[in-house]
Amino acid sequence: MNKTAIYARISRSDDSLHHTSIEHQIKGITNYCNMHGFTIIKIYKDLNISGSTMDRPAFTEMMKDLDNGIIDTIIVKDLSRFGRNYLEVGKYLDEIFLINDVRFIAIDDNYDNKGLMDEFAAFKNIFNEMYLKDIRKKIKTTFDYKSKTKLLNSRPGAFYGLTIDEQGKYIIDEEASNIVRRIFSLYIEGFSTKAIANQLTKECIISPGYYRYIKYNDQSSLTDHKYKWKDCTIYKIITNEGYTGKIINRKYLYMKGKRLLNPNPIVIEHGLPRIIDEMTFNKAQDKRLNRPKKKDKVYINPYSNIVHCGCCNKVMRYTYSNSMNQYFYVCSRCKTRIYINDLRHILKEDIQTQLSKINDSDFISYNEKSIQKIKKEMKQIDVAFQKSFEDYAKGKIAEDKLKLTIAELTNKKNELKLNLNKSEHHTKTAMPQIANCQIEDGLILKLITNVTVINTGKRKYEVHVNYNFKD
């Protein structure tokens with residue numbers, strides 16, 4: 001019993017030229033199988049894939065099933081459906097299928113490697129490959145012609161400010177072109193792209209994307225932000241030479257998957273209606289190229305890896321806000337945000353509160369323990385003095401040893417007296433110093449382990465501080 005596989009393929013060019021659809025291919029092959037007694041095991045379909053390559057998902061799956069013995073017969077509509085590369089198709093027909101005892105049938109080409117053979121099959125493979133090359137050449141020629149004669153993106157509203165009339169001619173969209181002229185005017189006056197975008201947003205001017213949607217019913221341009229202008233949109237407008245009436249095609253070259261600027265683009269003078277004159281456009285470019293560069297801001301994070309988001313516990317990123325002109329911490333996941341000045345103020349207040357909990361009696365009591373410890377050590381030295389003299393009187397130690405011991409004990413007692421004086425003085429002065437000390441970032445970093453932040457409103461926060469010491 002023949003274990004038959006049906007293979008069908010269709011490419012984009014086949015579809016555009018209204019060739020037989022893939023369903024018709026399968027139906028025709030199925031009828032052939034029923035008439036000639038072939039048992040269909042599996043159907044393989046490759047959609048929108050060129051015949052120039054054999055690297056196709058369904059084709060690869062079919063070859064694996066062939067190796068595993070699931071199928072032993074392959075039937076296609078014609079040789080071009082199997083492939084258009086002459087050398088590759090020939091390798092399968094003349095080598096792989098013969099070696100593995102696989103039956104292959106191309107119905108329309110009257111080809112059957114185990115039945116009626118068509119002596120012109122090899123030539124048909126060559127013709128299929130020539131057809132593919134011819135199609136590619138025609139596409140390239142058409143693209144070259146279009147790039148030298150018209151704007152390649154010729155849908156209505158090809159770019160903001162232009163549209164196409166019923167005869168397919170480019171015309172000025174007066175409503176949008178007035179906004180374009182205003183953008184150029186504001187930029188030349190000294191407004192930045194961001195300032196212009198903010199101004200148009202504030203005035204509720206419909207954005208280019210939404211304008212295309214409501215005017216041309218372009219669903220791909222639909223956006224939730226009806227009046228939201230972006231600075232990148234303004235930049236694209238002021239750098240678009242098409243507003244001067246030129247058509248510029250092939251601005252970029254694609255080499256090895258990378259997009260490179262084309263040093264010789266195709267320029268069509270007076271190909272479009274002019275919205276901006278050359279002088280205005282050049283003024284805008286001079287303004288753009290000579291605009292003073294912002295100095296790079298050095299983001300020195302004062303509390304690195306310490307500030308955490310109270311929602312997800314993720315370390316918050318330290319960055320800069322141009323609108324607020326200050327640094328802030330933000331959680332990229334939860335969008336929790338706190339400005340550095342607010343955080344620093346909260347930390348200083350909290351630390352001051354913690355210090356205020358240390359009252360005079362507590363501190364004096366703690367310091368008194370230190371003083372008592374020193375006095376106890378001094379008494380122990382006095383006892384050691386007495387014992388040394390007693391040992392000398394009893395003849396247990398020599399005079400030299402006594403002098404050395406007395407000198408050591410005297411030095412140690414003098415050190416203890418000095419520490420005692422410092423402790424007593426510290427008790428009287430330390431509390432006022434603590435109460436009035438300057439709390440800087442260095443001290444904050446020594447005292448705290450981490451900080452968690454939760455937003456409770458506009459510039460309102462709930463901040464939890466974990467300290468290195470216990471209450």
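Keep in mind that the numbers below use all heavy atoms, side chains included, and drop hydrogens, waters and symmetry copies. Model, not experiment: these values are computed from the prediction.
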K.L.:
Counting heavy atoms not belonging to Y461, are there more than 12 under 6.0 Å from its OH?
P.N.:
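Correct, the count exceeds 12.
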
K.L.:
Between the side chains of Y467 and D350, is a donor N or O closer than 3.5 angstrom to an acceptor N or O?
P.N.:
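A donor-acceptor contact under 3.5 Å links the two side chains.
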
K.L.:
With sequence neighbours left out, what residues match E241 under salt bridge (charged side-chain N to carboxylate O under 4.0 Å, His left out)?
P.N.:
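Salt bridge (charged side-chain N to carboxylate O under 4.0 Å, His left out) list for E241, sorted by chain: K246.
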
K.L.:
Sequence neighbours left out, what passes salt bridge (charged side-chain N to carboxylate O under 4.0 Å, His left out) with K413? Give chain and number order.
P.N.:
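Checked K413 against salt bridge (charged side-chain N to carboxylate O under 4.0 Å, His left out); matches are D382.
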
K.L.:
With sequence neighbours left out, write down each residue that passes side chain to side chain donor-acceptor pair (under 3.5 Å) with E408, or none if nothing qualifies.
P.N.:
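With neighbours one apart ignored, the set is empty.
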
K.L.:
Just checking Y327 against Y339, ring centres under 6.0 Å apart?
P.N.:
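Aromatic pair excluded; centres sit 6.0 Å or further apart.
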
K.L.:
Strictly distance-based, threshold 3.5 Å: is any side-chain N or O of W229 a donor or acceptor partner for the main-chain N or O of I205?
P.N.:
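Indeed, once roles are kept as given, a pair shorter than 3.5 Å links the two residues.
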
K.L.:
Taking only residues two or more places apart in sequence or in another chain, which ones pass side chain to side chain donor-acceptor pair (under 3.5 Å) with E61?
P.N.:
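Side chain to side chain donor-acceptor pair (under 3.5 Å) check on E61 returns K42.
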
K.L.:
Show, in sequence, the C-alpha distance, side-chain angles and deciding distance for K287 and I188, and conclude whether the side chain to side chain contact (heavy atoms under 4.5 Å, CB included) test is met.
P.N.:
CA-CA 7 Å; K287 199 81 176 179; I188 291 170; 5.5 Å; no

K.L.:
Please give me the minimum heavy-atom distance between I454 and G310, naming the atom from each residue.
P.N.:
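Looking at all heavy atoms of both residues, the closest pair is CG1-CA, 3.7 Å.
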
K.L.:
Only counting residues at least two apart or in another chain, list the ones meeting salt bridge (charged side-chain N to carboxylate O under 4.0 Å, His left out) with R274.
P.N.:
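Expected list: none.
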
K.L.:
Provide the closest heavy-atom pair for M316 versus C309 in the form atom of the first, atom of the second, distance.
P.N.:
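Closest approach of M316 to C309, heavy atoms only: CG-N, 3.6 Å.
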
K.L.:
Looking only at the side chains, is there a donor atom on one of D173 and Y160 sitting less than 3.5 Å from an acceptor on the other?
P.N.:
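Result is no, nothing qualifies.
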
K.L.:
With the threshold set at 4.0 Å, does a side-chain nitrogen-carboxylate oxygen contact exist between E88 and K91?
P.N.:
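Yes, E88 and K91 are salt-bridged.
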
K.L.:
Would a distance-only check, ignoring hydrogens and angles, find a side-chain to backbone donor-acceptor pair under 3.5 Å from R9 to R81?
P.N.:
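Checking the backbone N and O of R81 against the side chain of R9, a donor-acceptor pair under 3.5 Å is found.
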
K.L.:
Run the side chain to side chain donor-acceptor pair (under 3.5 Å) check on K230 and T201 step by step: do they pass?
P.N.:
CA-CA 9 Å; K230 297 180 180 179; T201 301; over 6 Å; no

K.L.:
Within the distance-only criterion (no hydrogens, no angle test), does the side chain of Q25 pair as donor or acceptor with the backbone N or O of Y7 below 3.5 angstrom?
P.N.:
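Looks like no, no N/O pair under 3.5 Å.
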
K.L.:
So does A384 get a backbone contact from the side chain of S388, meaning a donor-acceptor N/O pair under 3.5 Å?
P.N.:
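Yes: the side chain of S388 pairs with the backbone of A384.
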
K.L.:
I need the single residue from M62, K64, M63 that forms a side-chain contact (heavy atoms from CB on, under 4.5 Å) with T60. Which is it?
P.N.:
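Answer to the side-chain contact (heavy atoms from CB on, under 4.5 Å) test with T60 among M62, K64, M63: K64.
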
K.L.:
Please determine if E203 and R182 form a salt bridge, counting it only when a charged side-chain N lies under 4.0 Å from a carboxylate O.
P.N.:
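The answer is yes: the pair qualifies as a salt bridge.
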
K.L.:
Using a 3.5 Å distance criterion without hydrogens, assess whether the side chain of T193 forms a donor-acceptor pair with backbone atoms of I234.
P.N.:
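The answer is no, because no donor-acceptor pair under 3.5 Å joins these two groups.
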
K.L.:
Has the side chain of N240 got a donor or acceptor atom that lies under 3.5 Å from a matching backbone atom of G242?
P.N.:
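Yes, N240 side chain to G242 backbone: donor-acceptor pair under 3.5 Å.
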
K.L.:
For F82 and F59: C-alpha separation, side-chain torsions, deciding distance, then whether ring-ring contact (aromatic ring centres under 6.0 Å, His included) applies.
P.N.:
CA-CA 9 Å; F82 188 76; F59 184 87; 5.3 Å; yes

K.L.:
Check salt bridge (charged side-chain N to carboxylate O under 4.0 Å, His left out) between E174 and all other residues, then give those that pass, not counting sequence neighbours.
P.N.:
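With neighbours one apart ignored, the set is empty.
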
K.L.:
Is it true that N301 and Y329 share a donor-acceptor pair across their side chains at a distance under 3.5 Å?
P.N.:
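Their side chains do contain a donor-acceptor pair, which is all the 3.5 Å distance test asks for.
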
K.L.:
Heavy-atom distance under 4.5 Å between the side chains of L47 and I10, does that happen here?
P.N.:
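In contact.
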
K.L.:
Is the number of heavy atoms from other residues, nucleotides or ligands within 6.0 Å of OH (Y92) greater than 12?
P.N.:
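Yes, the 6.0 Å shell around OH holds more than 12 heavy atoms from other groups.
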
K.L.:
Around atom CG of N414, are there more than 12 heavy atoms from other residues, nucleotides or ligands closer than 6.0 Å?
P.N.:
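Yes, CG of N414 has more than 12 neighbouring heavy atoms, counting only those of other groups under 6.0 Å.
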
